[in-house]
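Have a look at the structure below, then the notes.
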Amino acid sequence: MNEIKRELLYKGKAKDVYKTDNDDEVLIKFRDDITALDGGKKDTLSKKGAYNALISSKLFSVLEDNGVDTQFLNLVNVDEMLTKSLDMIPLEVICRNIAAGSLLKKYPFEKNQELVPPIIQFDYKNDEFHDPMLNDSIIIALGIATQDDLDNIRTITLKINEVLSNFLKERGLLLVDFKLEFGFDKDSNIVLGDEISPDTTRLWDADTLDNFDKDIYRKGEDGVVDAYKKVVNIVLTSEEKDKWNVDNI
Ligand code: TMP
Ligand code: ASP
């Protein structure tokens with residue numbers, strides 16, 4: 001076990017962020033906690049943290065290999081990622097390829113309708129206001145980001161969508177939608193942060209359209225952790241699975 005962990009900086013719904021000896025780096029620990037419905041539904045599911053850390057670090061590495069700047073440095077333990085420290089922008093950047101989830105509740109899209117071009121939506125990461133959807137004018141008026149930042153975030157998000165959709169499609173999964181969070185690094189570049197896991201994406205089997213993501217838990221069904229384990233087995237190479245002893249987590 002690697003022991004880099006120091007003082008707790010931030011406790012989220014499913015992850016903890018720790019200070020390290022290096023001011024430019026923070027350690028993100030993925031907990032086994034899972035929540036839905038704005039924190040109204042909560043559980044602790046053994047192994048979920050490790051599976052999400054493995055999936056996130058793999059997808060961040062795939063993005064880095066394709067020229068997308070991410071916070072990820074390396075996985076130091078099976079549920080702990082060492083990352084570049086970022087000044088996070090309080091936006092949830094949601095990208096949608098297929099109409100699902102809240103989009104169907106709020107707008108007259110057809111279920112499973114393909115969205116070409118993809119929809120990019122910005123929600124305000126703010127529990128007090130229940131993460132309301134924003135537009136560019138509101139974001140700029142609130143001083144959250146500039147128009148240039150938003151243009152940049154849209155371009156990076158579309159690139160991430162292309163890279164990850166292709167990577168997952170080759171492995172039989174549809175990237176239906178996902179949520180990203182960005183921050184500024186010490187040189188003021190916009191960098192992808194946080195996580196990309198089945199907690200923050202909708203992943204469907206390309207043939208059967210079965211879910212492999214948090215919707216299983218949101219719907220109150222069993223088997224969410226088994227589904228995350230399947231995603232680990234789909235995205236990791238056999239060498240990576242051996243390295244992290246995935247079958248014995
Ligand atoms: P939605 O359909 O509920 O708006 O969710 C769209 C995508 O964003 C879905 O893949 C789940 C993800 N998401 C989060 O990661 N965190 C959130 O708080 C919400 C609302 C959605
Ligand atoms: N992340 C939110 C919550 O924990 C909403 C969700 O993902 O369903 O409550």
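Predicted model, so just to flag it, every value in this text is computed and none were measured. Remember, it's 1-based here, ligands and their atoms both numbered in the order they're listed.
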Table please: side-chain donor-acceptor pairs of residues 186-194 below 3.5 Å, with sequence neighbours left out.
unit_1, atom_1, unit_2, atom_2, d
Asn189, ND2, Asp185, OD2, 3.4
Asp194, OD1, Lys15, NZ, 2.8
Asp194, OD2, Lys179, NZ, 3.1

Margin query: Test of understanding: given a 4.0 Å heavy-atom threshold, classify the contact between Thr201 and ligand 1 as side chain, backbone, both, or neither.
Written below: backbone

Check: At under 4.0 Å between heavy atoms, which part of Arg218 makes contact with ligand 1: side chain, backbone, both or neither?
Finding: side chain

Checklist line | Which residues share a salt bridge (charged side-chain N to carboxylate O under 4.0 Å, His left out) with Asp43, sequence neighbours left out | finding: none

Give the atom numbers and elements of ligand 1 that come within less than 4.0 Å of a heavy atom of [X].
X	answer
Ser102	1 (P), 2 (O), 3 (O), 4 (O)
Asp177	7 (C), 9 (C), 10 (O)
Gly101	2 (O)

Salt-bridge present ([X], [Y]; N to O < 4.0 Å):
X	Y	value
Lys11	Asp16	yes
Asp136	Arg154	yes
Asp131	Lys125	no
Arg218	Asp215	yes

Margin query: In this structure, does ligand 1 have an atom that sits under 4.0 Å from one of the heavy atoms of Lys106?
Written below: no

Item checked: Residue-ligand contact Lys214/ligand 1, heavy atom below 4.0 Å -> no

